[in-house]
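The structure appears below as structure tokens.
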Amino acid sequence: FWLKAMLAQAHVSGVPAMARADVREVSAAELVSHRTEHDCWIAFHGSVFEVSSFLSEHPGGKQVLMEVAGADGTRAFQAIHPQSMLEKLPAGSKVGVINAVEEAKAQLATLAGAKSSASASVSCFACLQALGSLLRRPREEVASAPRKVKFTTLDHIINVNDFELAAQERMQKTGYDYYASAACDEVTQRANCEAYSRLWLRPRVMVDVSSVDVSCVLLGCPSSLPLFISPSAMAGMAHPDAEVGLARAAGKAGIIQCIANMATRDLEEITGARLPGQQQWYQVYVNPDRAKTEAMLQRVLASGLTALLVTVDTNVIGRRERDQRNKVQDKTNVALVQKTGQSTSGGVIGALGTFTDARLSWKDLAWLRSVTAGRMKLVLKGVQTGEDAVLAAQNGLDGIVLSNHGGRQLDHARPTLEVLAEVTAALGSAGLAGSLEVFVDGGIRRGTDIYKALALGAKAVGIGRPALYSLAFGQPGVEKCLQLLQDEFINCMQLVGKTSLAEISAADVVWKPLVAA
């Protein structure tokens, strides 16, 4: 029975129970014997690869790979990379496949001496756990086991803030800290959320609000709500559903997902998950090697995405200390520091290598337009002043996203809600109001936050961390997150006395005085 169970597990995981005669089978003992820098084997998705020659070329440094040398690196790998990345390893790197049958039999042999059914059950559980380290686990089981869980099911979640607490319990610490981290003292990150509490609502009464319409059109794309999923890197750290789960949840909710340049799943896999009529956008970091960006954008065009969000606030990467501390604590990294005298610690962001171009400037808009051949709306993501908003309009951009990268770049940059008020005024003064669509992200946690942003002039808002935190429950978590925000927004509309987005105006809000009159 247990042998059948293990072989079934191997089949589900994508590892053949009996490899073909022309495919070499690798035992666990053989795998673990190859774990030095000059002789390094690692298992990924049920296959074994020889990566010694690739160690020095790995963008994240060789220590990242050495941590899983002679072992199964699938969990860490798929949290950051799509499986197709393995195809880019040097030719001849694949050694063979994990011998699942051999491992199952070896583990079963240890059960022969079990003295009771109870002890046998415990041993079998341990056996499955040990075997699991050598196999590609089913997608729904790859996420790490939760720590002390308080939010056991989605039924316990009643607002978006609950998802962050749940994610902290369900995710691996490294992944959670990467999502949660912000620059330096994280002042801007907190201010993004706190800014919304400084704006009061002015409800009107005696208004028929029995029917409310919150649908809109964003960059030519219909949306059921003035809300989109902002691009966020490496969603696979939250759950194996990753960006595919975000895409399907967005499709069911009738809103737009902006796919991140640094997604953990292949672009074609994400776009292939969309529903009929569903629209998606794409976010790009301009690479120092412009040819790489051009090649990526050709795939984007072929995938039928309708808008390109160019991130412009990452000419260099901010200091994300919470993320960095995870690598400082890593033993492998400490050893390297001791040998070279140079710290290579940099957290998850450091492991990604160089992916942004410090030379990016306004003159590059012509190049971007030529690459996209006019087939995509062009949007700048990361605008933070009225002056740059005016320049964007004068340069013919289709839209801008007011964003400080979730507080992850320049600490003490202003919260985006305050930037929104400045941008709306600047565009109006320059006679450019309505010349481009203005979006804002950062700090959105409530339906009232959406309303306040629209009242100050935003066309729609984006959510990043809330989508990632809710993804800790897989696609159903994201669906609930979006439903909560929609329900809260409609409730706010009714209580303020509005029945359509066109009725929302600056007259509906007032800034909370810092000092009482």
Is the backbone N or O of E268 less than 3.5 Å from a side-chain atom of D266, with the two atoms forming a donor-acceptor pair by type?
-> no
Look up atom CG in L305 and atom CZ in R299, then write down how far apart they are to the nearest 0.5 Å.
-> 11.0 Å
Note, D289 side chain near D357 side chain (heavy atom, < 4.5 Å) = no
Begin from the C-alpha positions of W281 and K377 and carry the test side chain to side chain contact (heavy atoms under 4.5 Å, CB included) through to its verdict.
-> CA-CA 9 Å; W281 300 338; K377 301 284 188 178; over 6 Å; no
Roughly how far, to the nearest 0.5 Å, is the NZ atom of K480 from the CG atom of D162?
-> 8.5 Å
Once you round to the nearest 0.5 Å, how far does CG of L225 lie from CD1 of I255?
-> 6.5 Å
For A467 and V478 the tightest heavy-atom approach is O-CG2, 3.9 Å
For E164, the salt bridge (Lys or Arg N to Asp or Glu O under 4.0 Å) test, sequence neighbours excluded, returns none
Are the aromatic rings of F439 and F228 close, with centres under 6.0 Å apart?
-> yes
With F489, the side-chain contact (heavy atoms from CB on, under 4.5 Å) member among D449, L454, L227 = L454
Nearest 0.5 Å, what's the CG-CG distance between D487 and N159?
-> 12.5 Å
Do you know the tightest heavy-atom contact between L89 and F54?
-> CD2-CD2, 3.9 Å
Mark yes or no for whether R35, through its side chain, and E67, through its backbone, hold a donor-acceptor pair below 3.5 Å.
-> no
Starting from the C-alpha separation in whole Å, work towards a yes-or-no answer on side-chain hydrogen bond (donor to acceptor under 3.5 Å, both in side chains) for N261 and Y282.
-> CA-CA 7 Å; N261 193 171; Y282 189 77; 3.1 Å; yes
Please tell me if the side chains of T153 and H156 come closer than 4.5 Å, counting only heavy atoms from C-beta onward.
-> yes
Sub-3.5 Å donor-acceptor pair from the side chain of D411 to the main-chain atoms of T188, do we have one?
-> yes
Give the ring-plane orientation class for F163 versus F473, where under 30° counts as parallel, over 60° as perpendicular and anything between as tilted.
-> perpendicular
Side chain to side chain contact (heavy atoms under 4.5 Å, CB included) between M237 and Q172, intermediate numbers included = CA-CA 8 Å; M237 285 187 163; Q172 288 184 318; over 6 Å; no
Per the side-chain contact (heavy atoms from CB on, under 4.5 Å) rule, which among V461, V438, T385, D388 passes with L402?
-> V438
CZ-CG distance between F49 and L65, expressed to the nearest 0.5 angstrom | 12.5 Å
Point-to-point distance, once rounded to the nearest 0.5 Å, from CG of D241 to NE2 of H239 = 4.5 Å
Shortest non-hydrogen pair, I400 vs A392, comes out as CG2-CB, 3.5 Å
Stepwise, does the side-chain hydrogen bond (donor to acceptor under 3.5 Å, both in side chains) test hold for Q483 with E479?
-> CA-CA 6 Å; Q483 188 63 56; E479 291 176 10; over 6 Å; no
Test side chain to side chain contact (heavy atoms under 4.5 Å, CB included) applied to L55 and S53, step by step | CA-CA 6 Å; L55 291 177; S53 62; over 6 Å; no
Would you say N395 and W362 make side-chain contact, with heavy atoms under 4.5 Å?
-> yes
Criterion side-chain hydrogen bond (donor to acceptor under 3.5 Å, both in side chains) on N404 and N192, from CA distance to verdict = CA-CA 9 Å; N404 50 41; N192 277 342; 2.9 Å; yes
Nearest heavy-atom contact between A260 and Q283 is CA-OE1, 3.5 Å
Apply side chain to side chain contact (heavy atoms under 4.5 Å, CB included) to L219 and T306, showing your working.
-> CA-CA 8 Å; L219 297 174; T306 58; over 6 Å; no
Decide yes or no for Y176 and T174: does some side-chain heavy atom of the first lie under 4.5 Å from some side-chain heavy atom of the second?
-> no
Considering only NZ, NE, NH1 and NH2 on the basic side and carboxylate oxygens on the acidic side, decide whether D364 and R359 come within less than 4.0 Å.
-> no
L397 side chain reached by L365 side chain, heavy atoms, under 4.5 Å = yes
Do the charged groups of E418 and R414 touch, with an N to O distance under 4.0 Å?
-> no
Would you indicate whether the side-chain heavy atoms of M296 and V284 approach each other to under 4.5 Å?
-> no
Checking T74 side chain against H45 main chain: does a donor-acceptor pair fall under 3.5 Å?
-> yes
Which atom of E194 lies closest to which atom of S197, heavy atoms considered | O-OG, 2.6 Å
Can a cation-pi geometry be assigned to R408 and Y178, taking NZ or CZ under 6.0 Å from the six-membered ring centre and within 45° of the ring axis?
-> yes
Between the side chain of R465 and the main-chain N/O of I444, is any donor-acceptor distance below 3.5 Å?
-> no
For the residue pair V310 and L308, establish whether any side-chain heavy-atom pair is separated by less than 4.5 Å.
-> yes
Main-chain N/O of C40 paired with S52 side-chain donor or acceptor, under 3.5 Å | yes
Look at the side chain of Q257 and the backbone N and O of I229, then say whether any donor-acceptor pair between them is shorter than 3.5 Å.
-> no
With a 4.0 Å cut-off, would you call E243 and R265 a salt bridge?
-> no
Start with the C-alpha gap between T271 and Q280, add the side-chain angles, then the distance that decides, and say whether side-chain hydrogen bond (donor to acceptor under 3.5 Å, both in side chains) holds.
-> CA-CA 8 Å; T271 57; Q280 293 169 310; 5.2 Å; no
Can you tell if the side chain of L380 reaches within under 4.5 Å of the side chain of V401, non-hydrogen atoms only?
-> no
Quick one: does S403's side chain have a donor or acceptor within less than 3.5 Å of a partner on H405's backbone?
-> yes
For S47 and V97, indicate whether the former's side chain and the latter's backbone hold a donor-acceptor pair under 3.5 Å.
-> no
R369 (side chain) donor-acceptor with G374 (main chain) under 3.5 angstrom | no
Using a strict 4.0 Å threshold on nitrogen-to-oxygen distance, state whether K381 and D313 make a salt bridge.
-> no
Heavy-atom pair of closest approach, residues A182 and G407 | CB-O, 3.3 Å
